[in-house]
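The structure under discussion appears below in the form of structure tokens.
Below, all heavy atoms of this structure are taken into account, side chains as well, without hydrogens, waters or symmetry copies. As the structure is a computational prediction, the values presented were derived from the model and not from experiment.
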Amino acid sequence: MLKIPGRKHLTAVSPLDLAQLRRSPYTWIILLSAFVGSILSGCSPIYVLRAAYEEGKILWRREPIADFLQKPEVVQGTQEKLRLVLAVRDYARDVLKFNVGGSYSSYSYVDRPDLTYIVVAAPKTELRPYTWWFLVVGSMPYKGFFSKEDAQAEIKKLNAEGYDTNLRTSAAFSTLGWFDDPLLFHLLRHDKVLLSEIVFHELFHNTLYVKGAGAFNESSANFIGHRAAIDFFREHFGDGSGEHLRALQLWEDEREFGAFIREVALTLTELYSRDIPRDDKLRLREEVFTAAKAEWMRRIADRPVQRFRGFSQQPLNNAVLMHYVVYLKDFDLFESLYEACGRNLVRTVETLRDAVSKNGEPFEAVRAWLAKHQQDHVAATH
């Protein structure tokens, strides 16, 4: 996803809104090119212009959801999802205290089947991501493209350099508060619970984003997105309602698979650290991949709707695994923080922000906060 830094860095383009874009058909190209160019250091002018053009189209096509709902051709199922998005947005702003701004108050149509194409790469005998460096957001473990051909060209280049690669699509991305992100057409294909989790996830990026910490940003947003959806559906549909139970199940599926990926990652890290020839590492890693897929299938054999069931049929390499590591890292750490905060999500978000505010590695900062919290608790009980 094309992650973009927080609104506080925005200067010349901060007054940009939909009305201004429409007053001049070329203004948005100029401003967005300057905006994208300011953050995509090292990227080609063509990449910058394409990203600016596609983001401009998304902004140009924004329409307030409240107005869109008045159209007679909008079917009931779509109406229900759109109203749900507005309720999720209000909950994120009013209850969870997210920095929502105008995000997800509008709707935008995208005229192609996939919004963005995400490239991930990793060395063949190291379980670490290849990173791209951007001027403001720092190093990133993925790079997003609006053109499949451009993404495939990046894949071809990385393969020629000897890296494992993975290409996937994404139906949403966040501008981290630079612009009021609209709800995109693609997201309406998801059921209400998954749609809500995605919106909470993306809105959390507006609230907390640590420069150069891709895994922390994505895994913390996944955690908060799931926990927020659970609380939202419990409060709006009732404890034990179908929607609440599905939100709980989606989170349990994600936690279970995240823990499994951690096991696989530890096994591969041990293998890659061994003092053996590279060819042996490449041969043995294929055995690890095969065993991992078989073990995962064994574990979920009696659960046909487990969210990550397709893992066992997926071709594996280090880049595929790094995608999972980035998005599913250390969920138990966040759960421990949630418990320490009295299972109060607002307090959990505040604590996360405070823990990482002093710079340093964010996962370690959260661990340090938990260690001190435990020490204080022990001292208070003696």
Salt bridge flag under 4.0 Å for residues [X] and [Y]:
| X | Y | answer |
| --- | --- | --- |
| Arg298 | Glu295 | yes |
| Asp164 | Lys124 | yes |
| Arg367 | Glu364 | yes |

Might you point out which heavy atoms bring [X] and [Y] nearest each other, and give the distance in Å?
| X | Y | answer |
| --- | --- | --- |
| Tyr338 | Phe223 | CB-CZ, 3.7 Å |
| Phe260 | Ala292 | CZ-O, 3.2 Å |
| Ala365 | Ala355 | CB-O, 3.2 Å |
| Pro315 | Val320 | O-CG2, 3.8 Å |
| Gly144 | Ile118 | CA-CD1, 3.9 Å |

Inset, instruction - Classify the angle between the aromatic ring planes of Trp369 and His373 as parallel (below 30°), tilted (30 to 60°) or perpendicular (above 60°). - result: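 Answer is parallel, since the angle falls under 30°.
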Classify the side-chain pair [X]/[Y] by whether it contains a donor and acceptor separated by less than 3.5 Å.
| X | Y | answer |
| --- | --- | --- |
| Tyr91 | Glu235 | yes |
| Trp296 | Glu263 | no |
| Glu154 | Trp132 | yes |
| Glu218 | Asn222 | no |

Would you say [X] and [Y] are hydrophobically clustered, going by side-chain heavy atoms of ILVMFWY under 4.5 Å?
| X | Y | answer |
| --- | --- | --- |
| Phe308 | Met297 | no |
| Leu282 | Leu321 | no |
| Val346 | Leu208 | yes |
| Leu266 | Tyr327 | no |

Would you check if the side chain of [X] reaches a backbone N or O of [Y] as a donor-acceptor pair within less than 3.5 Å?
| X | Y | answer |
| --- | --- | --- |
| Asp330 | Leu333 | no |
| Lys281 | Arg274 | yes |
| Asn318 | Pro123 | yes |
| Lys329 | Ser219 | no |
| Glu254 | Leu328 | no |
| Asn217 | His205 | no |
| Asp253 | Arg307 | yes |
| Arg309 | Arg303 | yes |
| Arg89 | Ser103 | yes |
| Ser273 | Glu270 | yes |

Inset, instruction - With sequence neighbours excluded, give me every ring pair (Phe, Tyr, Trp, His ring centres under 6.0 Å) pair touching residues 265-288. - result: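 Matches after skipping sequence neighbours: none remain.
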Inset, instruction - Just grab all the ring pair (Phe, Tyr, Trp, His ring centres under 6.0 Å) pairs involving residues 62-82, residues at least two apart or on different chains. - result: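 Checked against ring pair (Phe, Tyr, Trp, His ring centres under 6.0 Å) - neighbours excluded - the pairs reaching residues 62-82 are Phe68-Tyr107.
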Legend entry - Spatial distance of atom CD1 (Ile261) from atom CE (Met322) [nearest 0.5 Å]: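 Taking CD1 in Ile261 and CE in Met322, the distance rounds to 10.5 Å.
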Legend entry - Min side-chain heavy-atom separation Phe98-Val349 under 4.5 Å: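 Counting from C-beta outward, Phe98 and Val349 do come under 4.5 Å.
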Legend entry - Worked verdict on Ser196 versus Val199 for side chain to side chain contact (heavy atoms under 4.5 Å, CB included): CA-CA 5 Å; Ser196 299; Val199 173; 5.8 Å; no
Inset, instruction - Just jot down the ring pair (Phe, Tyr, Trp, His ring centres under 6.0 Å) partners of Phe289, sequence neighbours excluded, or say none. - result: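 Expected list: none.
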Legend entry - Listed partners of His244 passing ring pair (Phe, Tyr, Trp, His ring centres under 6.0 Å), at least two apart: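 For His244, no residue satisfies ring pair (Phe, Tyr, Trp, His ring centres under 6.0 Å) once neighbours in sequence are set aside.
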Legend entry - Counterpart residues, side chain to side chain donor-acceptor pair (under 3.5 Å), relative to Asp376 (two or more places apart):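 Scan of Asp376 (side chain to side chain donor-acceptor pair (under 3.5 Å), adjacent residues dropped) gives Lys372.
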Legend entry - Listed partners of Glu243 passing side chain to side chain donor-acceptor pair (under 3.5 Å), at least two apart: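 Counting only residues at least two positions away or on another chain, Glu243 forms no side chain to side chain donor-acceptor pair (under 3.5 Å).
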Should we say atom [atom1] of [X] is surrounded by more than 12 heavy atoms from elsewhere, each under 6.0 Å from it?
| X | atom1 | result |
| --- | --- | --- |
| Arg234 | CZ | yes |
| Phe237 | CZ | yes |
| Lys157 | NZ | yes |

Legend entry - Partner of Phe257 by ring-ring contact (aromatic ring centres under 6.0 Å, His included), out of Trp251, Phe331, Tyr324: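 Going through the options one by one, the only one that passes is Tyr324.
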Inset, instruction - Go through the steps for Asp332 and Arg262 under the test salt bridge (charged side-chain N to carboxylate O under 4.0 Å, His left out), then give the verdict. - result: CA-CA 11 Å; Asp332 287 346; Arg262 184 174 184 274; over 6 Å; no
